[in-house]
Structures are given as structure tokens and as C-alpha cells.
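Report on one structure; see the data block that follows.
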Amino acid sequence: MSIYDIPVMQGYIRMCEDGWNQGWHERNGGNLTYRMTEEEVCQLRPYFRTPGEWVNMGVQADNLCGEYFIATGSGKYFRNVSLAPQDNICILEINETGDSWRIVWGLEKGGRPTSEFPSHFLNHSVRKAATDGKNRVIYHAHPANVIAMTYILPLTDKAFTRALWQSATECPVVFPGGVGVVEWMVPGGAEIALATSKLMAEYDAAVWAHHGLFVSGPDLDTAFGLMHTIEKAAEIFMLVQNSGKPVLQTIFDEDLRAIAKEFGVTLKEEFLD
Ligand code: 2HA
Ligand code: ZN
């Protein structure tokens, strides 16, 4: 028995590999954090080492005190995770005041959790509250077509949501609440963390202008699926843009309303004309 026989570790590692295979994680791009269940903590605890020092995060969340996270390492490559998980990802314990982490497993050759951990942490807090504790995953990637869209569309929630909903019929079903958009900001800092977490109170995905996409979900499959669906829609949007042909037809607002009715989802009404 090894830590890699535990399903949550297998799922986490597989998702890193899948993200790399999609081309969303050049070099050290992107990061993934997962908030473990109590049962998973019990399964993984036998593999924990003597913890490292507590490290203050500069952000705090009451609803994440004492939680455990699996996180990618700062400067580590998604491409390498499946080859040597112990050197590229880690398990973090959060302290009882909800403002510091310490490493209890992984990053065996040294390192820290992702530079975006403060962003992830605040977003976990907001999504946990918004979903009655169901949300467990925050995932950030650099999918090319979503990034390309941020150069040619107004950076508004409405413009992006409509463009994505109209680019593939399943989109309004997969993200009926739409997507938020964060204007360009320096990555890794408190400002982008706060701006994103404000949007994530309302949305389960946020576009970072000229940078990438942030998504959340109750489990790894759902979060990966949301990233994949949004990027696929963005790819279709860009293919149409690049075709040089005029748009003759699209999915109109009455079609979006019909999809919502059939699938029993509520679309954000202010995004419809
Ligand atoms: O981890 O993607 O936003 C590298 C990044 C920072
Ligand atoms: Zn990034």
C-alpha cells in the first residue's frame, strides 16, 4: 500500500496529467488545490511526516480553520506531477486561526505551495460558503482560446458569458450562472485574490484577462469539466472569429431560454437581451 493507492491522490495526479495533455500548463503555468474530506484526511494521515513550520498567508478565512489541502508547488510543472508527485505537489494543513499553512506531505526536495495559494484559499472560503460546504476544488489554467478572447471582447461578465453560451449549446446548461471577468492584474498578489473571490461569490468561473481561467467545483471531474467546456466554447468562438466569414446565425436569446426550460436551469436573466 502506498499513498498513490488512495483514490483522491490518484484523481488529483490524473487531473494534473490531463491538464498538461490539454496544453493548458506550459512551463509552471497553472495551479490546482483540493480541500480534502475528513475521510480522505484519515486515509492519508499515515503517510504524513513531521510537519514543517507554520507559514502566514497574509489572508484569513474562518471557515477553513483546520482544513487540509492538496496543492501544486510553486514553480513546479504540471508536466512532472505524475512522474514524481512527491516532489511537485504537497498536502497542507491550515492552522486553527485560518491564516497559516504547514506542509505535512510532499515537496520532498523543498519548495512552497503555489504562488496563487492566497487566491485559491480565499476562493475556497467563498465557494465553500456559497455552496453549503460542497465546493472542494479550485483550478487555474492558461487555456489559449479563453486568453485570446480577452483581447477582442469587452472585459465584462455579460460579454464573455453571452459569447460562451452562444458558442456551444451545452454551455448554458454547464454554467447557467455565467462567468465573471477580472481585468488585467499582477498575478500572485492580494489584489487579484480579492477581485477573484468577489466574483466567485456569484460565479463558479472567472476569466483573468490576458492570463487564464479560474474555476471551482465540488469534485475534480466537475472542475476539470468546467475548464474544458469553457475552453472548448472559447475555441469555437475564436474559430468563427478567424474564419473571415460573417456570422449568419447563432444561438439566440429565445433559444437560450428554451434550453434553460428544458434542462431545468436558471440563466442569469440580466445577461439575456
Ligand atoms: O503558477 O499560473 O498564475 C503559475 C501561474 C500563476
Ligand atoms: Zn497563471
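Remember, it's 1-based here, ligands and their atoms both numbered in the order they're listed. Note that this is a predicted model, so its numbers are computed, not measured.
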Around [atom], find the nearest protein heavy atom and jot down its residue, atom name and distance.
atom: atom 1 (O) of ligand 1; result: N31 ND2, 2.9 Å
atom: atom 4 (C) of ligand 1; result: N28 O, 3.2 Å
atom: atom 6 (C) of ligand 1; result: E116 OE2, 3.2 Å

Checking R162 against D273 for the salt bridge (charged side-chain N to carboxylate O under 4.0 Å, His left out) test, could you report, in this order, the C-alpha distance in whole Å, the side-chain angles of both residues, the deciding distance, and whether it holds?
CA-CA 10 Å; R162 289 182 62 81; D273 289 333; 3.4 Å; yes
Taking the Zn ion (ligand 2) as the apex, NE2 on H140 and NE2 on H211 give an angle, to 10°, of 100°
Check each atom of ligand 1 against the heavy atoms of H140 and keep those under 4.0 Å away; list them by number with element.
2 (O), 3 (O)
Would you check if the side chain of Q166 reaches a backbone N or O of A163 as a donor-acceptor pair within less than 3.5 Å?
no
Separation between NE2 of H124 and OG of S216, rounded to the nearest 0.5 Å:
9.0 Å
F48-Y68 aromatic ring centre distance below 6.0 Å:
yes
Quick one: does H211 get an N or O within less than 3.5 Å of an N or O on ligand 1?
yes
I want to know if ligand 1 touches G30 in the polar sense, i.e. an N/O pair below 3.5 angstrom.
yes
Just do the salt bridge (charged side-chain N to carboxylate O under 4.0 Å, His left out) check on D87 and K76 with the steps written out, would you?
CA-CA 8 Å; D87 298 330; K76 304 299 183 193; over 6 Å; no
Have a look at H142 and say which of its N, O or S atoms is nearest the Zn ion (ligand 2).
NE2
Below 4.5 Å, heavy atoms only, C-beta onward: do E108 and R49 meet side chain to side chain?
yes
